[in-house]
Amino acid sequence: MSIDNNQEYEAELITLIDDEGTEHEFEIIDELENDDGYFMALVPTLRDAQSEVADALPIFLEVVEDENGEEQLCEIEDDDLLDKLAEIFETRYAQAMEEEEE
């Protein structure tokens, strides 16, 4: 089976603002909804060709709705939940890579 190199890839990007007001751009690499909630796995993007993010580790955020119905991204402070999410996302990533190789 061959891979179609002409297939276009469009990253789903999100900009987050830190406590100092600095904007950071991330790519959403996966989303997961389960009994624990709704979560996103994000990795930092390259802002220009001169920068390099080697082996960037994903961050996991929970998507919650505020009282106005707006979605907010929140840090996950439960270490056990973070470990569980990391394992789930790693497994899903490995499966996606296996499927891509076929």
Side-chain angles (χ1 to χ4, degrees):
M1 176 176 270
S2 66
I3 296 174
D4 180 7
N5 291 330
N6 295 325
Q7 182 179 354
E8 286 190 37
Y9 169 76
E10 188 172 325
E12 187 174 355
L13 304 177
I14 187 168
T15 301
L16 302 179
I17 302 172
D18 66 20
D19 293 338
E20 288 83 38
T22 305
E23 292 184 354
H24 301 275
E25 186 176 65
F26 292 87
E27 178 181 354
I28 301 171
I29 58 170
D30 200 357
E31 298 177 59
L32 169 71
E33 187 168 7
N34 64 15
D35 292 340
D36 294 314
Y38 176 41
F39 306 94
M40 289 184 175
L42 311 172
V43 291
T45 62
L46 301 177
R47 289 210 171 238
D48 58 60
Q50 304 303 316
S51 342
E52 189 172 330
V53 180
D55 301 320
L57 296 174
I59 61 168
F60 306 109
L61 298 173
E62 182 172 14
V63 181
V64 295
E65 237 179 68
D66 67 12
E67 59 274 355
N68 299 322
E70 297 285 325
E71 286 186 342
Q72 302 289 320
L73 295 174
C74 300
E75 280 186 65
I76 301 167
E77 297 186 15
D78 181 338
D79 289 338
D80 291 335
L81 178 56
L82 273 173
D83 290 342
K84 179 180 176 181
L85 290 172
E87 186 175 318
I88 291 170
F89 282 119
E90 279 182 31
T91 300
R92 290 165 54 115
Y93 179 77
Q95 288 172 345
M97 292 297 101
E98 285 176 14
E99 289 174 7
E100 189 174 292
E101 289 177 0
E102 293 177 358

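Hydrogens, waters and symmetry mates play no part in the numbers below; they use all other heavy atoms, side chains included. Treat the numbers as computed from the prediction; the structure is a model and nothing was measured.
Residues Asp30 and Tyr93 fail the side-chain proximity criterion, which asks for heavy atoms closer than 4.5 Å. Looking at Val63 and Leu73, their side chains come closer than 4.5 Å, going by heavy atoms from C-beta outward.
For the atom pair CD1 of Ile29 and CD1 of Ile59, the computed distance is 10.0 Å after rounding to the nearest 0.5 Å. From Glu12, atom CD reaches atom CG of Leu42 across 9.5 Å, with rounding to the nearest 0.5 Å. Residue Met40 holds its CE atom at 12.5 Å from CZ of Phe26, rounded to the nearest 0.5 Å. A distance of 12.0 Å separates CG in Leu16 from OG1 in Thr22, rounded to the nearest 0.5 Å. Atom CE of Met97 sits about 9.5 Å away from atom CD of Glu99, to the nearest 0.5 Å.
A side chain to side chain contact (heavy atoms under 4.5 Å, CB included) with Glu62 holds for exactly one of Ile76, Asp78, Asp36; it is Ile76.
The cluster map of Ile, Leu, Val, Met, Phe, Trp and Tyr, joined by side-chain heavy atoms under 4.5 Å apart, puts Leu61 and Leu82 in different clusters. A continuous path of Ile, Leu, Val, Met, Phe, Trp and Tyr side chains, each step under 4.5 Å between heavy atoms, connects Tyr38 with Ile14, placing both in one hydrophobic cluster.
Between Glu31 and Ile28, the shortest heavy-atom distance links the atoms CG-CG2, 3.8 Å. Val43 and Pro58 get closest at one heavy-atom pair: CG1-CA, 3.8 Å.
Taking a 6.0 Å sphere around CG of Asp35, one finds it holds 12 or fewer heavy atoms contributed by other residues, nucleotides or ligands.
For the pair Thr15 (side chain) and Glu23 (backbone), a donor-acceptor distance under 3.5 Å is absent. In this structure, the side chain of Asp66 engages the main chain of Asn68 through a donor-acceptor pair within 3.5 Å.
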